[in-house]
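Right, one structure below, let's go through it.
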Amino acid sequence: MKLTVVGCSGSFPSAESACSSYLVEADGFRLLLDMGNGALGELQRHVGLYDLDAIFLSHLHADHCIDMCAYFVARYYRHDGGRCPALPVYGPEGTEQRLTTAYADTPSPSSMSEVFDFHTLKSGSFDIGPFAVRTERVAHPVEAFGIRLEHGGRTLTYSGDTGVCDALDELAEGADLFLCEASFTYGKEDVPDLHLNGREAGAHAQRAGAGRLVLTHVPPWTDGQRNLADARAEYRGPAEIAVPGAVYEV
């Protein structure tokens with residue numbers, strides 16, 4: 001698997017990065033994990049606008065899904081080559097309605113489904129293209145899912161947005177690469193079931209026996225290097241902070 005960090009800023013875009021979006025490729029199949037603020041522009045640095053094969057939306061907060069409205073425009077109103085076929089989109093219950101509401105002026109109530117083939121996420125196992133997928137509900141104020149992708153004997157786990165929870169340990173168990181959010185600062189913010197700090201992300205990676213930890217979803221107001229140091233205090237494997245354009249072979 002090839003993982004490309006499209007955007008990794010938490011809550012809102014930073015001067016250096018779009019919000020959450022990660023491109024995973026295997027066997028010529030391109031799966032996008034989330035499409036937050038600014039991600040669609042950055043995505044075009046790495047892949048053609050119409051070359052995605054599926055999209056996974058971990059949850060429906062704007063910093064993980066709002067650029068789907070812009071992507072709707074690109075797919076619905078394409079003139080060269082005609083209307084795009086419906087692209088599989090895996091998201092929480094109500095994804096189509098949320099995106100339609102956010103766009104606010106679709107030609108009809110069903111226009112989103114003309115270019116996106118919506119699938120409702122539940123906890124469980126299924127396939128997306130060549131990937132064996134497991135999703136679990138994680139701890140966040142809205143319905144949110146972490147995802148585990150397996151291909152060719154290798155495993156990638158993406159936390160989405162979450163507080164501390166057992167489901168995240170299960171998804172990350174033995175993962176070769178654990179892409180884990182670290183929004184909060186240890187000793188500063190303490191809001192349960194919302195986000196992780198660096199120390200908590202490191203502890204999850206250590207318990208899960210993950211092979212590599214990549215911290216992501218660090219908001220512009222959070223000191224990423226402090227979070228990384230806190231993660232390394234708990235996790236004994238290699239750890240780093242996600243940066244836009246970074247590529248990992250998993």
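Residue numbers start at 1 and run along the sequence shown. Everything numeric here is computed off the predicted structure, so don't read it as measured data.
Connection of Tyr248 to Val24 is established within a shared hydrophobic cluster, with ILVMFWY side chains joined at heavy-atom distances below 4.5 Å, either directly or through further cluster members. Residues Phe116 and Ile66 do not share a hydrophobic cluster, defined by chaining ILVMFWY side chains whose heavy atoms lie under 4.5 Å apart. Cluster annotation: Leu33 is not connected to Val6 through the hydrophobic network of ILVMFWY side chains, with a link wherever side-chain heavy atoms come within less than 4.5 Å. Side-chain heavy atoms closer than 4.5 Å link hydrophobic residues (I, L, V, M, F, W, Y) into clusters, and following such links, even through other members, never connects Val247 to Leu43. Residues Val5 and Leu228 fall into different hydrophobic clusters, defined by Ile, Leu, Val, Met, Phe, Trp and Tyr side chains chained together at heavy-atom separations under 4.5 Å.
Residues Asp63 and Phe12 fail the side-chain proximity criterion, which asks for heavy atoms closer than 4.5 Å. Residues Ile241 and Asn227 are not in side-chain contact: their nearest non-hydrogen atoms beyond the backbone lie 4.5 Å or more apart. The shortest distance between side-chain heavy atoms of Tyr235 and His204 does not fall below 4.5 Å. Taking 4.5 Å as the limit, every side-chain heavy atom of Thr222 sits out of range of all side-chain heavy atoms of Ser183. Contact check for Leu87 versus Tyr71: side-chain heavy atoms found under the 4.5 Å cut-off. Counting heavy atoms from C-beta on, the side chains of Thr157 and Leu179 never come closer than 4.5 Å. Looking only at side-chain heavy atoms (C-beta outward), His64 and His217 come within less than 4.5 Å of each other. By the 4.5 Å heavy-atom criterion applied to side chains, Pro107 and Tyr76 are counted as neighbours.
Across every non-hydrogen atom of Leu213 and Gly202, the tightest pair is CD2-CA, 4.0 Å. Here the closest heavy-atom approach between residue Val142 and residue His59 is recorded as CG2-CD2, 3.9 Å. Between Ser17 and Cys8, the shortest heavy-atom contact is OG-N, 3.0 Å. Closest approach of Pro92 to Thr120, counting heavy atoms only: C-CG2, 4.3 Å. When every heavy atom of Val138 is checked against every heavy atom of Ser159, the shortest pair comes out as CG2-O, 4.1 Å. The two residues Glu25 and Thr4 come nearest to each other via the heavy atoms OE2-OG1, 4.3 Å.
A donor-acceptor contact shorter than 3.5 Å links the side chain of Gln206 to the backbone of Arg236. Counting only distance, with no hydrogens or angles, the side chain of Asp127 and the backbone of Gly129 share no donor-acceptor pair below 3.5 Å. Distance alone, capped at 3.5 Å, is enough to place a donor-acceptor pair between the Gln44 side chain and the Leu40 backbone. The backbone N or O of Ala70 lies less than 3.5 Å from no partner atom in the side chain of Asp67, so there is not a single donor-acceptor pair. With Glu200 contributing its side chain and Asn197 its backbone, the two residues share a donor-acceptor pair below 3.5 Å. Here the side chain of Asp176 pairs a donor or acceptor atom with the backbone of Thr155 at under 3.5 angstrom.
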Pair Glu93-Lys122, side chain to side chain contact (heavy atoms under 4.5 Å, CB included): steps then yes or no: CA-CA 9 Å; Glu93 186 173 359; Lys122 302 292 182 184; 3.8 Å; yes
Could you go step by step and tell me if Ser111 and Tyr103 meet the side chain to side chain contact (heavy atoms under 4.5 Å, CB included) rule? CA-CA 11 Å; Ser111 293; Tyr103 189 86; over 6 Å; no
For Val133 and Thr135, what are the C-alpha separation, side-chain angles and deciding distance, and is it a side chain to side chain contact (heavy atoms under 4.5 Å, CB included)? CA-CA 7 Å; Val133 175; Thr135 55; 3.9 Å; yes
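Neither side chain, His140 nor Thr162, offers a donor N or O lying under 3.5 Å from an acceptor on the other. Defined by atom type and a distance below 3.5 Å, a donor-acceptor pair is present between the side-chain atoms of Ser58 and Asp34. No donor-acceptor contact under 3.5 angstrom links the side chains of His151 and Arg154, judged on distance only.
Here the CH2 atom belonging to Trp221 is positioned 11.0 Å from the OG1 atom belonging to Thr185, to the nearest 0.5 angstrom. If you take CE on Met35 and CG on Leu23, they are separated by 10.0 Å, rounding to the nearest 0.5 Å. Atoms CG and CG, from Leu196 and Asp161 in turn, are 9.0 Å apart once rounded to the nearest 0.5 Å. Considering CG of Leu57 and NE2 of His119, their distance stands at 12.0 Å, rounded to 0.5 Å. Atom OG1 of Thr106 and atom CE of Met112 lie 6.5 Å apart (nearest 0.5 Å). Note: Leu168 CG to Cys180 SG = 5.5 Å, rounded to the nearest 0.5 Å.
A 6.0 Å sphere centred on CG of Asp166 holds no more than 12 heavy atoms belonging to other residues, nucleotides or ligands. In this structure, Tyr186 places its OH atom where only 12 or fewer heavy-atom neighbours from other residues, nucleotides or ligands lie under 6.0 Å away. Crowding of Glu150 atom CD: a count of heavy atoms from other residues, nucleotides or ligands under 6.0 Å exceeding 12. More than 12 heavy atoms of other residues, nucleotides or ligands lie within 6.0 Å of CZ in Arg30, so this atom counts as buried by the packing criterion. When the shell of 6.0 Å around CD of Glu170 is examined, it contains more than 12 heavy atoms from other residues, nucleotides or ligands.
Here the rule is side-chain contact (heavy atoms from CB on, under 4.5 Å) with Glu136, and of Leu121, Leu171, Ile147 only Leu171 fits it. The ring pair (Phe, Tyr, Trp, His ring centres under 6.0 Å) with Tyr90 is formed by just one residue from the set Phe145, Phe126, Phe131; it is Phe126. With respect to Glu114, the salt bridge (Lys or Arg N to Asp or Glu O under 4.0 Å) criterion is satisfied by exactly one of Arg83, Arg75, Arg78: Arg83. Of the listed residues (Val250, Leu31, Asp27), just one forms a side-chain contact (heavy atoms from CB on, under 4.5 Å) with Met1, and that residue is Val250.
Annotation: salt bridge (charged side-chain N to carboxylate O under 4.0 Å, His left out) contacts of Arg232 (sequence neighbours excluded): none. Remark: Arg226 pairs with no residue by the salt bridge (charged side-chain N to carboxylate O under 4.0 Å, His left out) rule, at least two apart or across chains.
For residues 14-50, the pairs satisfying ring-ring contact (aromatic ring centres under 6.0 Å, His included) are Tyr22-Tyr158, with sequence neighbours left out.
Using a 4.0 Å cut-off between charged nitrogen and carboxylate oxygen, Glu96 and Arg98 do not count as a salt-bridge pair.
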